[in-house]
There are 2 protein chains.
Amino acid sequence: MARVVKKAPVSVSPEPTFQGEETNRRSELVRAAGRLFREKGYSATTIRDIADAVNMRSGSPFYHFKSKQDILRTVALDGIATIHAAVAKPAASNKAPRARFEAMLTAHLNVLLGDEGRDIAATLLHESRHLDAEAQDEVIRLKDAYEGLWQAVLKELKTDGALTDDSALTRLFLMGAMNWTTQWYRHDGGRSPRQIARQLAKLLLRD
Amino acid sequence: MARVVKKAPVSVSPEPTFQGEETNRRSELVRAAGRLFREKGYSATTIRDIADAVNMRSGSPFYHFKSKQDILRTVALDGIATIHAAVAKPAASNKAPRARFEAMLTAHLNVLLGDEGRDIAATLLHESRHLDAEAQDEVIRLKDAYEGLWQAVLKELKTDGALTDDSALTRLFLMGAMNWTTQWYRHDGGRSPRQIARQLAKLLLRD
DNA sequence: CCTACCGATCGGTAGG
DNA sequence: CCTACCGATCGGTAGG
């Protein structure tokens, strides 16, 4: 292992001088943590990994977060909030159900597979079980609200005759097909989230 | 933490006296490891957890496996072999494509959700990334062979007109819908793997 | 397979 | 936010 080069001490106040600075440093930690949690998993990621990634000493993340768990909680909540916001927009559009559905698929996949969202989304999907019970409940509540967006559009699709079954089971299959993309999607591959969304809609819906 | 009660030393040979005994002890470790890997993840599971689960001292698993990685490798390979064997049977039957497909879905889900297979299957699906590169290649090779079973039946379903697209993307959506069941399936819930398989077939196939 | 142990690493804290 | 540190725990090994 290469030893980390020690930062030269700088003679400025170590205290965050205004909120923007604190928020910045804190969100740097969240971003770095998300990436590491996705790459190595929560348990295999150490506080030192996270600190190193943003050029802090190993004790310093605890100035921003009270525990490693607290970092995970922040990342996971950020993840579900981001996905919800991304999908709520097309869900509220006045498109026909079929087009709206496809736009929602695209939005969901854009977060999961895109550069800005994939770390926190993967953390949400795969590391939430490491949250304590309370935080897990929080995540579940938000996830239920999110899935409500999907249940609503599925219902409309059934009314339109594009779907024969809009039960919770259908929604779960849909979530599975979408969320599993994180396991096989290659950024260097030919398919865009948009194209994947279109194919999935074609597979699920009838004319 | 409650201290583990120390086993009273027994005055029999500590050496495995015949192969059946060794195989047994080793496979007990594999089963315990699978369960723990599913419940807590590979990184959060310690050798001591695994040893405790089968009433060994913490150094003893290394008599059967050369490293923690080696245990994971064994569980993961066991997982993919089990799933392949379970699905290969209905895949080789002389049923019509549609019925064969549904039987394959049921077989896959029975392993993922059933008492005997779920631990190793979940370990395979969610912990394989912790394998070293060589073992990961091994798993990928076996998984590709396994997915060949599915690609073949999808092709037949397309020929039959039950499917409009039998591309790799369709197979990946299918895998997602199935494998995601491990995230939401409740053993105490009302739905059986059989019923889930039937619903999934209905969602994907056209008359 | 147990006993006894090791060096490394971990999450977290006190004090500035 | 750094320095310096702590107690606990980890994967793994020697020797029987």
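None of the values given here were measured: they were computed from a predicted structure. Proteins come first, then strands; the chains are lettered A, B, ... in the order of their sequence lines, and each starts at number 1.
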Task: Parallel, tilted or perpendicular, as decided by the 30° and 60° cut-offs, for the rings of B:Y146 and B:H108 - done: parallel

Open item on the list: Rounded to whole Å, please give me the gap between CG in A:D52 and P in D:dC2.
Closed with: 11 Å

- [ ] Output the single nucleotide from C:dG11, D:dG12, C:dC1 whose closest atom is nearest the side chain of B:H64.
- [x] C:dC1

Open item on the list: Can a donor-acceptor pair be found, under 3.5 Å and without considering hydrogens, that links the side chain of A:T123 to the backbone of A:A76?
Closed with: no

Open item on the list: In this structure, how many angstroms lie between the P atom of C:dT13 and the NZ atom of A:K68, rounded?
Closed with: 15 Å

Open item on the list: Starting the side chain at C-beta, find the nucleotide from C:dC1, D:dC1, C:dG11 nearest to A:S60.
Closed with: D:dC1

Task: Euclidean distance, atom CG of residue B:L36 to atom C1' of D:dG11 [Å, nearest integer] - done: 16 Å

Task: Candidates C:dG11, D:dT13, C:dC2 - which lies nearest the side chain of B:F62 - done: D:dT13

TODO: Mind checking B:T46 for me? I need base, sugar-phosphate or nothing, with any heavy atom below 4.0 Å counting as a touch.
DONE: sugar-phosphate

Task: Nearest-Å distance for atom pair CD1/P, residues B:I50 and D:dG11 - done: 8 Å

- [ ] With B:K68 as the cation and B:Y42 as the aromatic partner, state whether NZ or CZ is under 6.0 Å from the six-membered ring centre and within 45° of the axis.
- [x] yes

Open item on the list: Closest approach to the side chain of B:R57, judged atom by atom: which nucleotide of C:dC2, D:dC1, C:dC1 is it?
Closed with: C:dC2

TODO: In whole angstrom, give the distance that lies between atom CE of A:M56 and atom C1' of D:dC1.
DONE: 7 Å

Task: Criterion salt bridge (charged side-chain N to carboxylate O under 4.0 Å, His left out) against A:R73, the qualifying member of A:E138, A:E127, A:E134 - done: A:E138

- [ ] Treating a pair as Watson-Crick (purine N1 to pyrimidine N3 plus N6-O4 or O6-N4) or G-U wobble (N1-O2 and O6-N3) with both distances under 3.5 Å, list the stems of 3 or more consecutive pairs that involve DNA chain C.
- [x] C:1-16 with D:1-16

- [ ] Please name the residue in the list A:L124, A:I50, A:D119 that meets the side chain to side chain contact (heavy atoms under 4.5 Å, CB included) test with A:F37.
- [x] A:I50

TODO: Let me know, please, whether A:S43 or B:G59 comes out on the 5' side of the other along DNA chain C by nearest nucleotide.
DONE: B:G59

Task: Distance in angstrom units between B:L29 CG and C:dC2 C1', rounded - done: 14 Å

Open item on the list: With a 6.0 Å cut-off (strictly less than), is the heavy-atom count around CD of A:E116, excluding the residue itself, greater than 12?
Closed with: no

- [ ] Considering just the side-chain nitrogens and oxygens of B:R48, establish if one lies under 4.0 Å of OP1 or OP2 belonging to D:dT9.
- [x] no

Open item on the list: How many whole angstroms separate atom CG of A:D70 from atom P of C:dG11?
Closed with: 14 Å

Task: More than 12 heavy atoms of other groups within 6.0 Å of B:K40 NZ - done: yes

Task: Spacing between A:R26 atom CZ and D:dC1 atom C1', to the nearest angstrom - done: 15 Å

